[in-house]
Amino acid sequence: MKRLISFFISVLLIFMFSGCGLMNKKQEEKTKIKFATFYSQMSEEKIVEVYKKIIEEYKKKNDKVEIELITDYADENKIKNDVASGEVDLIGLKRVQIIEFAKAGMLTDLTQFFSEKELDKKNI
């Protein structure tokens, strides 16, 4: 009887310790953000480099966030479908595309958010 109880306690301890390890791994997972842009690495290299620098600076302050930069969405329909399906989280538009995306309801006005957080008053 003592052997049986010892065996069950051993198995229970193994499950407890392995379960704790799994919980810690889940908490350590980074939030993943997919950021897509129509700008190409080849034709608009300077703009893509600016996006990369912004992402690097953001990662320095937010180490629990992983951002994937997707460049060169040559097919406008693909990025629209990806945005509508939730495949990408953020998009970098060219100026001529902003009106089109706004009319389609694919843009969010962040003016109130910027005002509440006083981001519009900070010198960046």
Do Glu49 and Lys46 pass the salt bridge (charged side-chain N to carboxylate O under 4.0 Å, His left out) test, and can you show the C-alpha distance, the side-chain angles, and the key distance before you say yes or no?
CA-CA 5 Å; Glu49 290 302 316; Lys46 289 182 181 178; over 6 Å; no

With rounding to the nearest 0.5 Å, note down the distance linking CZ in Phe35 to OG1 in Thr71.
10.5 Å

Considering only NZ, NE, NH1 and NH2 on the basic side and carboxylate oxygens on the acidic side, decide whether Lys32 and Glu68 come within less than 4.0 Å.
no

Other residues, nucleotides and ligands only: do more than 12 of their heavy atoms fall within 6.0 Å of CD1 on Ile99?
no

Test side chain to side chain contact (heavy atoms under 4.5 Å, CB included) applied to Ile91 and Phe101, step by step:
CA-CA 10 Å; Ile91 54 172; Phe101 275 75; 3.7 Å; yes

Rounded to the nearest 0.5 Å, how far does CD1 of Ile98 lie from CD of Glu100?
11.5 Å

Is it the case that one hydrophobic cluster holds both Tyr58 and Ile55, taking links as side-chain heavy atoms less than 4.5 Å apart, direct or via other members?
yes

How far apart are the closest heavy atoms of Leu90 and Ile33, and which atoms are they?
CD1-CG2, 4.0 Å

Between Glu57 and the options Lys61, Lys53, Lys60, the salt bridge (charged side-chain N to carboxylate O under 4.0 Å, His left out) test singles out Lys60

In terms of heavy-atom contacts, Lys30 and Asp63 come closest through CE-O, 3.2 Å

Do you know which two heavy atoms are closest between Thr37 and Gly92, and how far apart they sit?
OG1-O, 3.3 Å

Are Ile67 and Ile54 in one and the same hydrophobic cluster, where Ile, Leu, Val, Met, Phe, Trp and Tyr link if side-chain heavy atoms are under 4.5 Å apart?
no

Taking every non-hydrogen atom, the tightest pair across Ala102 and Leu107
N-CD1, 3.6 Å

